[in-house]
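The basis for the numbers below is simple: all heavy atoms, side chains too, and nothing from hydrogens, waters or symmetry mates. Both ligands and their constituent atoms are indexed starting at 1 by order of listing.
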Amino acid sequence: MSRIEFKNINKRYAPDLSLTINNANLQIDTGEFCVFVGPSGCGKSTLLRMVAGLEDITSGDLLMEGVRVNDVPPAKRGVAMVFQSYALYPHMTVRDNMAFGLKVLGSNKAEVERKVKAAADILQLTPMLDRLPKALSGGQRQRVAIGRAIVKEPRVFLFDEPLSNLDAALRVQTRLEIAKLHHDLGSASMIYVTHDQVEAMTLADKIVLLHTGALIEEKGSVAQVGSPMALYHRPASLFVAEFIGSPKMNLLPAKLVRAEATYAVVELAGQQVTAAVDARHVSAGAEVRVGIRPEHITIAGSVKREGQGCTLPATLLHMERLGDSSLLYVNVGAGIPTLNVKVEGSASTSIGERLTLRLIPEQLHLFDAAGQACERPIVLPS
Ligand code: ADP
Ligand code: MG
């Protein structure tokens, strides 16, 4: 049975009362790691705080294990929350910080000790139990905050940007620890808020991507829900396509030439390019956008061979060598945005060189005038 369900949930904050959350319908299953992601201000924290019971729900129903909890107080929901700011008590030791919540609830001493010890073991904090927070690094402080959540033995862990205050190396390390924690705790569900698509991709079973609201009717609405690979391989709209993936997907203006059930031909920079999508709802001659991820373009010899996709002539404008890979910035025609190409190794090309790009139909995306992705009839990894 599903653990948490959002049914037609709306949120309006006073005083302006515009929709901050617009008709959220979601399901988070037991034991699932669900990440709410999106640009700053899109409503991620609001959505999370509604689960915690820290924010009123304007309309709609929030269910936990089938029971409506809109009016259930936070302490009775079986949730524990970890914030970006660790919010530890500075005058208390690590041990007391972790034990405090349980003591307030009146748990007996032996039980408190057992739970704190178990959490400290999981988080490798045992040698630090008698230290004050000021004697800990940022990563260790965040682990104490996570420990404080673990001892409550919640059914659902709620994380609000827990890694944002850590430096890059520590973020990666703590990210792995959170993934391991989820694995070790088995049946506990996790809802994790971040603006960072890499955190979302690496941690999530399920990603919920929220709109920022360039269009008023989209503000605070869910742009797409799915596995990381589903959002990467099958973004439902331009917004999702641009948000997921680094470097960003290239989006190029094109015209539809012909649409069949399993493929469409477009004119892109004077070339005919085939994409394995169903664009039959778009009229011939209409403007579309072709989406190509930098890592899905290869540099080819200039002779086209059968069955290897389409080719596009290009000129190298600039190159960045990263060691394991190189980013090429290429021009494919006047008035067309510079294309970003990611190739393995250190490319042995020079500025101004003419290149032939090879595009694979199964890796091309097509977006209609409304910014919606054309369906992909073939099966891709999910
Ligand atoms: P995110 O966590 O995605 O950055 P939030 O959920 O914090 O976004 O905020 C979503 C929107 O709601 C923002 O425009 C923000 O200014 C507004 N907002 C958040 N909290 C309040 C509040 N207590 N009162 C009024 N507006 C708020
Ligand atoms: Mg937030």
Side-chain angles (χ1 to χ4, degrees), residues 4-26 28 33-62 69-71 73-74 77 79-87 138 141-142 145-146 149 156-166 171 174-175 178 189-204 206-226 228 231 235-244 246:
I4 301 169
E5 284 171 87
F6 288 73
K7 292 199 162 170
N8 308 322
I9 290 208
N10 291 306
K11 172 69 185 179
R12 298 174 190 273
Y13 282 111
D16 80 345
L17 298 179
S18 66
L19 273 178
T20 293
I21 297 296
N22 185 353
N23 196 28
N25 282 289
L26 297 171
I28 300 162
F33 200 127
C34 178
V35 176
F36 295 165
V37 69
S40 178
C42 66
K44 307 178 293 291
S45 296
T46 300
L47 213 51
L48 189 77
R49 291 167 59 82
M50 289 197 279
V51 179
L54 300 173
E55 209 67 76
D56 287 341
I57 295 168
T58 309
S59 64
D61 298 317
L62 179 69
V69 295
N70 291 43
D71 304 315
R77 293 192 185 194
V79 305
M81 190 145 164
V82 178
F83 300 90
Q84 175 178 345
S85 60
Y86 328 118
R141 283 180 210 177
Q142 191 53 291
I146 295 170
V156 186
F157 283 84
L158 306 174
F159 293 95
D160 196 348
E161 310 237 8
L163 309 185
S164 297
N165 283 356
L166 307 180
R171 266 209 299 278
T174 314
R175 190 175 83 203
I178 291 174
S189 310
M190 298 199 168
I191 309 179
Y192 184 104
V193 162
T194 179
H195 62 270
D196 177 8
Q197 63 99 14
V198 176
E199 272 176 40
M201 292 295 281
T202 51
L203 286 169
K206 179 187 277 173
I207 294 180
V208 176
L209 175 52
L210 297 173
H211 266 294
T212 6
L215 298 171
I216 193 72
E217 66 273 18
E218 288 178 343
K219 189 175 179 316
S221 65
V222 174
Q224 193 169 349
V225 179
L231 269 68
S237 64
L238 278 175
F239 175 78
V240 181
E242 288 196 273
F243 192 85
I244 299 288
S246 175

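- If you run side-chain hydrogen bond (donor to acceptor under 3.5 Å, both in side chains) between N165 and each of Q84, Q142, R171, only Q84 comes through.
- Closest heavy-atom approach to atom 6 (O) of ligand 1 among the candidates V193, T46, V37, D160: T46.
- In this structure a side-chain-to-backbone donor-acceptor pair under 3.5 Å is present from N10 to N23.
- At least one heavy atom of S40 sits less than 4.0 Å from an atom of ligand 1.
- Considering backbone and side-chain N/O atoms, E55 never comes within less than 3.5 Å of an N/O atom of ligand 1.
- The nearest N, O or S atom of T46 is not closer to the Mg ion (ligand 2) than 2.8 Å.
- Protein heavy atoms come within 4.0 Å of atom 9 (O) of ligand 1.
- With a heavy-atom cut-off of 4.0 Å, T20 touches ligand 1 through its side chain alone.
- Checked options E199, E161, R175; the residue passing with Y192 is E199 (criterion: side-chain hydrogen bond (donor to acceptor under 3.5 Å, both in side chains)).
- Remark: atom 15 (C) of ligand 1 lies closer than 4.0 Å to no protein heavy atom.
- Distance alone, capped at 3.5 Å, is enough to place a donor-acceptor pair between the N70 side chain and the L62 backbone.
- Close approach of ligand 1 to G43 (heavy-atom distance below 4.0 Å) involves ligand atoms 1 (P), 3 (O), 5 (P), 6 (O), 8 (O), 10 (C).
- When hydrogens are left out, the protein atom nearest atom 13 (C) of ligand 1 is G41 O, 3.8 Å; that is the closest non-hydrogen contact.
- Between K219 and ligand 1, a contact under 3.5 Å exists for no N or O pair.
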